[in-house]
Novice: 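I have a structure here, written as structure tokens, and I will follow up with some questions on it.
To find a chain, count down the sequence lines: A is the first, B the second, and so on, and within it residues start at 1. Quick note: numbers below take in every heavy atom, side chains included, and nothing from hydrogens, waters or symmetry partners.
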Amino acid sequence: MDLSDSPEDAEFRARLREWLGKVLPTLPPKPSPDDWPGRRAHDLGWQRTLYDAGYADVHWQASPAVRLIFLEETERAGAPYVGANFVGLLHAGPTIAAEGTPAQRARWLPPVLRGEEVWCQGFSEPDAGSDLAALRTRAWRDGDDYVVSGSKIWTSHAEVADWCELLVRTDPGAPKHRGITWLAMPMDAPGITVRPLRTLAGSAEFAEVFLDEVRVPVAHRVGEENDGWRVTMVTLSFERGTAFVGEVVACRRVLGELALEARRNGRWDDPALRRRLGALDAGFRALWRLTQWNVSEAEAAGGPPGIGGSVFKLRYSQARQELYDVAADVLGDDALDLDRPWVADRLSSLSYTIAAGTSQIQRNIVAERILGLPKGR
Amino acid sequence: MRFRLTDDQRALRDGVRGLLARRFDRTALRSAVDRPGRLDRTLWRELGAAGFFALRLPEADGGVGLGLPEAVLMFEEAGRALLPGPLVATHLAAGRVPGAADGETVVAAVDGGGLVEWLAEADVVCGDAEGARPLRSVDPLTPLHRVPDAAAAVDPVAVLLTAAEQLGTATRACELAVQHARAREQFGRPIGAFQAVKHLCAELLVRAEVARAAVYAAAVTAAPADIAAARLLADEAAVRGARDCLQVHGGMGFTWEADVHLLLKRAWVRGRRAGGGAAGEELLAAELLSGAAR
């Protein structure tokens with residue numbers, strides 16, 4: 001058991017840290033959360049900066065350990081989050097890299113890396129959230145096109161996306177996990193309507209997407225027709241792998257800020273509050289170590305972090321919500337003021353036990369695939 | 001970074017697991033329950049011969065010359081087998097108390113919190129046990145005395161090895177729960193097929209795996225804050241794990257015949273040792289402030 005960097009990893013860390021120290025002070029300030037075009041420009045600009053410095057493909061090419069160092073150091077330095085590039089870099093990109101043809105890789109991957117195109121995720125539907133395979137959006141062949149009709153929901157970045165990784169049903173007669181196809185849909189195609197959805201946090205984080213006989217070329221299909229479920233599982237293994245690890249570093253920073261705020265406003269003198277902060281610190285320390293363990297195991301096995309990601313996600317989503325509940329106790333009455341720090345974060349943390357597979361779905365995965373308990377409901 | 005078991009560490013863990021499976025199986029566990037307060041001296045010497053106590057002593061001093069990570073793996077197995085006896089106290093006394101290293105001498109210690117485990121069976125007691133009064137111990141496999149006005153310093157290694165034992169017990173709780181959930185049928189199917197039971201089992205595993213990462217990392221860094229965090233998570237994994245295991249067992253779990261209560265009671269006893277609970281949380285809180293102020 002060894003927690004120190006290998007010489008190559010230590011060199012990567014030092015080089016990255018030095019570069020971040022130089023480049024971050026030159027970046028423009030973050031736009032407001034409701035300014036979607038501004039956010040798109042900001043996030044794409046950061047991706048372009050990474051590209052020019054040779055760090056654009058760190059999530060795809062590098063070893064898991066290097067990916068971990070990248071997430072740790074960028075978060076510690078306060079670098080911008082992957083933001084609007086999330087789906088392109090962490091879902092669609094890796095999926096196309098793994099399952100796409102040479103022509104598809106050449107068409108779609110470079111613009112993601114260069115920070116030129118934004119992707120969104122067209123998986124969930126009003127009646128197919130946790131039961132993703134129940135999706136009903138239909139696609140049928142008409143010459144060299146698929147014609148797509150239906151609707152998608154909870155689609156992050158839909159308003160500013162150029163492409164959508166879209167799951168459609170191409171064989172309604174087949175069992176529900178078969179008969180699904182993975183398509184790359186251009187978001188400017190006729191027949192697409194995007195309606196922003198306001199979240200409980202007050203912002204428009206995601207949207208409903210209505211599809212009315214949208215034509216998508218057959219050449220935009222990744223994987224075989226009716227084989228989209230398998231392709232999707234490839235996508236989800238990336239999502240649950242390392243997608244959240246930078247956030248643990250961020251949570252530990254918030255915890256330190258909360259301790260300082262509590263000392264400033266006198267609540268530090270309450271032992272019950274201090275103990276909750278200490279207990280949370282224990283939890284985030286452990287989650288960070290669990291990430292290092294998962295990454296070390298994945299590196300030894302030569303694949304992406306697997307279902308161990310479900311163990312991490314279950315505990316992390318819960319810990320993040322507890323963090324902001326403690327923040328509310330540190331703030332007192334100010335916890336009801338949306339202009340105070342951490343209040344908006346508290347609201348958005350409520351999505352963590354739902355998004356990317358609810359806690360209930362993750363527990364089923366842990367119980368059935370790790371512990372080998374029988375399937376059922 | 002290679003934060004995983006080396007081949008040698010894996011072999012060590014498997015060796016200890018094998019030894020305990022042979023020498024302290026379920027029959028031995030239950031007969032120990034039937035003879036409360038008595039320590040198996042033959043087994044104690046065998047543990048000594050296997051290096052259980054001398055593991056971290058330098059080879060020049062007749063020890064095995066290994067480190068904290070290896071000690072943690074051994075104590076995890078001891079916790080998994082619910083091995084009774086003042087294991088941590090004797091391990092820490094090796095090299096200082098004659099006979100402790102090879103298991104000839106049984107060493108008890110006064111804990112910072114004022115409790116002593118296995119006082120009557122011990123050959124040597126570390127700390128001032130003056131005025132010790134016996135308790136009717138909740139755990140049939142851990143006789144306890146209370147010492148008035150005890151104020152021993154807290155040894156971080158003792159805190160970590162306690163965490164390792166708790167981790168092993170949490171793992172055992174998960175194994176027992178899953179075994180039962182697969183075998184026990186109600187409403188015509190294994191109860192493990194029902195989500196309510198399945199989710200209890202999943203949480204058992206999640207708590208144990210999170211604790212494992214914390215305990216192993218603390219063994220590598222030996223930093224007091226990492227050790228405090230490891231202990232908090234391992235205590236939680238063991239105590240809540242044993243409770244959930246009992247729940248999965250249903251009415252069976254409330255009987256003396258099922259082993260589940262032995263897991264929970266031992267986890268409670270270890271949870272009272274110094275360095276856990278409020279003390280651990282306060283240590284981490286203080287660390288938070290000094291780290292943030294830097």
Novice: Check whether more than 12 heavy atoms from other residues, nucleotides or ligands sit under 6.0 Å from atom CG of B:Asp7, and answer yes or no.
Specialist: no
Novice: Can you see which heavy atom on A:Gly278 is nearest to which on B:Leu284, and at what distance?
Specialist: O-CD1, 3.5 Å
Novice: Under the side-chain contact (heavy atoms from CB on, under 4.5 Å) test against B:Tyr216, which residue among A:Met1, A:Gln292, A:Arg289 passes?
Specialist: A:Met1
Novice: Nearest heavy-atom pair of B:Leu205 and A:Val311: which atoms, and what distance?
Specialist: CD2-CG2, 4.3 Å
Novice: Measuring heavy-atom distances to chain A, does B:Ala225 have an atom under 4.5 Å in its side chain, in its backbone, in both, or in neither?
Specialist: both
Novice: Tell me, side chain or backbone of B:Glu175 under 4.5 Å from chain A's heavy atoms, or both, or neither?
Specialist: neither
Novice: With chain A, which of B:Val197, B:Leu283, B:Val220 has the greatest number of heavy-atom pairs at distances under 4.5 Å?
Specialist: B:Val220
Novice: Heavy-atom pairs under 4.5 Å with chain A - which of B:Ala211, B:Ala286, B:Gly277, B:Ala229 has more of them than the others?
Specialist: B:Ala229
Novice: Side chain, backbone, both or neither: which part of B:Arg231 has a heavy atom under 4.5 Å from chain A?
Specialist: neither
Novice: Under 4.5 Å, counting heavy-atom pairs only, tell me which of A:Pro271, A:Gly372, A:Gly283, A:Ala10 racks up the most with chain B.
Specialist: A:Gly372
Novice: Is there a side-chain contact between B:Arg4 and A:Ser296, using heavy atoms and a 4.5 Å cut-off?
Specialist: yes
Novice: Indicate the atoms forming the closest heavy-atom contact of A:Leu3 with B:Phe3, along with that distance.
Specialist: CD2-CG, 3.7 Å
Novice: Return the option, out of A:Glu368, A:Arg315, A:Arg253, with the maximum number of heavy-atom pairs under 4.5 Å with chain B.
Specialist: A:Arg315
Novice: Starting from the C-alpha separation in whole Å, work towards a yes-or-no answer on side chain to side chain contact (heavy atoms under 4.5 Å, CB included) for B:Arg2 and A:Glu297.
Specialist: CA-CA 8 Å; B:Arg2 284 193 171 74; A:Glu297 290 282 343; over 6 Å; no
Novice: Report yes if some heavy atom in the side chain of B:Val206 is under 4.5 Å from a heavy atom in the side chain of A:Phe312; otherwise report no.
Specialist: no
Novice: Quick one: which of B:Ala217, B:Ala181, B:Ala214 has the most heavy-atom pairs under 4.5 Å with chain A, could you say?
Specialist: B:Ala217
Novice: Between A:Val295 and B:Met1, is there a side-chain heavy-atom distance shorter than 4.5 Å?
Specialist: yes
Novice: To the nearest 0.5 Å, tell me how far B:Leu232 CG sits from A:Asp281 CG.
Specialist: 10.0 Å
Novice: Is it true that, when you exclude B:Arg182 itself, more than 12 heavy atoms of the residues, nucleotides or ligands shown sit nearer than 6.0 Å to its CZ?
Specialist: yes
Novice: If you look at every heavy atom in B:Ala202 and A:Leu371, which pair is closest and at what distance?
Specialist: N-CD1, 4.1 Å
Novice: Under a 4.0 Å N-O cut-off, is there an ion pair linking B:Glu282 with A:Arg275?
Specialist: no
Novice: With side chains defined as the heavy atoms from C-beta onward, is the minimum distance between B:His199 and A:Asn364 less than 4.5 Å?
Specialist: yes
Novice: What part of A:Trp288 gets closer than 4.5 Å to chain B, counting heavy atoms only: side chain, backbone, both or neither?
Specialist: neither
Novice: Determine, step by step, whether B:Glu281 and A:Arg274 satisfy the side chain to side chain contact (heavy atoms under 4.5 Å, CB included) criterion, reporting the C-alpha distance in whole Å, the side-chain angles of both residues, the deciding distance to 0.1 Å, and the verdict.
Specialist: CA-CA 8 Å; B:Glu281 287 167 350; A:Arg274 280 201 312 270; over 6 Å; no
Novice: Does B:Arg26 have more than 12 heavy atoms from other residues, nucleotides or ligands lying within 6.0 Å of its CZ?
Specialist: yes
Novice: Atom SG in B:Cys201, atom CD1 in A:Ile370: separation rounded to 0.5 Å?
Specialist: 12.5 Å
Novice: Quick one: does B:Lys198's side chain have a donor or acceptor within less than 3.5 Å of a partner on A:Val366's backbone?
Specialist: no
Novice: For a quick test of reading the model, state the closest non-hydrogen atom pair linking A:Ala282 to B:Leu233 and the distance between them.
Specialist: O-CD1, 3.3 Å
Novice: Which heavy-atom pair separates B:Glu209 from A:Leu290 by the least distance, and what is that distance?
Specialist: O-CD1, 3.9 Å
